[in-house]
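Here is how names work: the chains are called A, B, and so on, in the same order as the sequence lines, proteins then strands, and each is numbered from 1. Hydrogens, waters and symmetry mates play no part in the numbers below; they use all other heavy atoms, side chains included.
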Number of protein chains: 2
Amino acid sequence: MSNKKDHQTRTNILGLTVPLFAQSGFDGVSMRDVAEEIGLTPAALYYHFKDKEQLYLETVKYAFQKKTTAAKAVVDMGSDPLKRLEAFITWFTKTLGKEKDFQKLMQWVLLDTDKARMQNLIKETFRDLFVSIQGLGESFKPKYDPHMLSISIIGLVVYHFETTEARKTLPGNKSSHDQPKTIARHVISLLRNGLMPAQPTLHTN
Amino acid sequence: MSNKKDHQTRTNILGLTVPLFAQSGFDGVSMRDVAEEIGLTPAALYYHFKDKEQLYLETVKYAFQKKTTAAKAVVDMGSDPLKRLEAFITWFTKTLGKEKDFQKLMQWVLLDTDKARMQNLIKETFRDLFVSIQGLGESFKPKYDPHMLSISIIGLVVYHFETTEARKTLPGNKSSHDQPKTIARHVISLLRNGLMPAQPTLHTN
DNA sequence: GTCTATACCATGATAGAC
DNA sequence: GTCTATCATGGTATAGAC
């Protein structure tokens, strides 16, 4: 009956809580904050969600599931591992640049003070995507451990976004460093070739 | 007069607040928590620190300054850039593995909801070290932008530690992936050689 | 489904005695 | 320098009317 409408309201609420939790984390957001943002009283909130924890969990899952299923599709498409890797990095930088809430929630989840809660969230939201990335990493065995390589690839991309604000106070910073395309090019080049003076350069001038 | 003793007490307090803020962040720690941990009343805390913010700021600076000056010394020693880079990564992985509080505080700082406060902390605690790392990165110009390369190197190392708990729920995880030496070897190899099969030089131009 | 009202506890911070 | 006592505020959550 009203199940459909309830679900609709819940979804509407989650759409508004994503930016709140993304910006301030679990401890930094009060139920009063949430209620005000939505335009309800705190009491009404408790009609839709059992408690703050459930609201938080559903918010994170809501924000993640859309993105990660899209990502999985990108990673799983094609055959050449390096091409697939590049496609993923391009997609990933674009998404992190666009969806700041998604990126920040990832950071908060990794810092969750409740270890079991965090591991549950990771499992429910990232596991599938990680498996795909790791499958990609299998292509570079035995030179690299696929699990470690997956973490390296993700971290390499993510850290440029985690430090967006911090980097502004550091020397050598340019606004181009924040652009997804620039980051993607940099990461892809570094992953492909590493630091060693690559192929003896043809005369590029 | 009692300045010396005051300073001593302050330092003792900071030694105890580091693990608290490292584990739960600014919002997750109350002045009562701190007071109990130290064995004082909350009121006594306010004799030593103006407010919670000052306590937090001094805690972070206290935890960081020791580490970063040590790091700077490592980076600045030697001449061969690749050797220096390897020395830094070895030191960095060892330190992050040993000093979990240091690693977690870094994460919290990057998520600080107060942007000005975060940028101030970064500037006061990381700038010098970053400059040194970036100096290292200059050696790989123009192939890589030194600023971006520095972030990549730091992120590549740090992310393995940020995900220590999360990785336990992901397939392919081994306990060896948490060992500083394993991480260092992996990161160094990836940075040196990249993913491409190391090819003998071709002179095809 | 949302409201008003409220219980009850935790929080940051201060005043003033010792 | 640390205490006891206290305050104002804000926190999660519930009861019950509409």
>> Closer than 4.0 angstrom, basic N to acidic O: yes or no for B:Glu58 and B:Lys61?
In response: no
> Between B:His177 and B:His186, is the ring centre distance below 6.0 Å?
Replying inline: no
> Do any of residues 8-19 of chain A sit with a heavy atom less than 4.0 Å from DNA chain D, and if so which?
Replying inline: none
>> Using only atom types and a distance under 3.5 Å, with no angle test, would you say the side chain of B:Gln54 pairs donor to acceptor with the backbone of B:Lys50?
In response: yes
>> Rounded to whole Å, please give me the gap between OH in B:Tyr47 and P in C:dA15.
In response: 16 Å
>> From the set D:dC3, C:dC3, D:dT2, return the single nucleotide nearest to any side-chain atom of B:Thr41.
In response: D:dC3
> Looking at B:Phe102, is B:Lys100 sitting on its ring face, NZ or CZ under 6.0 Å from the six-membered ring centre and within 45 degrees of the normal?
Replying inline: no
> Is the A:Tyr159 to B:Tyr159 ring centre distance short of 6.0 Å?
Replying inline: no
> Does the ring center of B:Tyr144 lie less than 6.0 Å from the ring center of B:Phe140?
Replying inline: no
> For residues 14-25 of chain B, which residue pairs qualify under side-chain hydrogen bond (donor to acceptor under 3.5 Å, both in side chains), counting only residues two or more places apart or in two chains?
Replying inline: B:Thr17-B:Thr59
> Relative to the ring of A:Phe21, is the ring of A:Phe26 parallel (under 30°), tilted (30 to 60°) or perpendicular (over 60°)?
Replying inline: parallel
> Which letters describe nucleotides 12-18 of chain D, given B = protein heavy atom under 4.0 Å from base, S = only from sugar-phosphate, - = neither?
Replying inline: BBBB---
> To the nearest Å, how far apart are B:Leu55 CG and C:dT11 C1'?
Replying inline: 15 Å
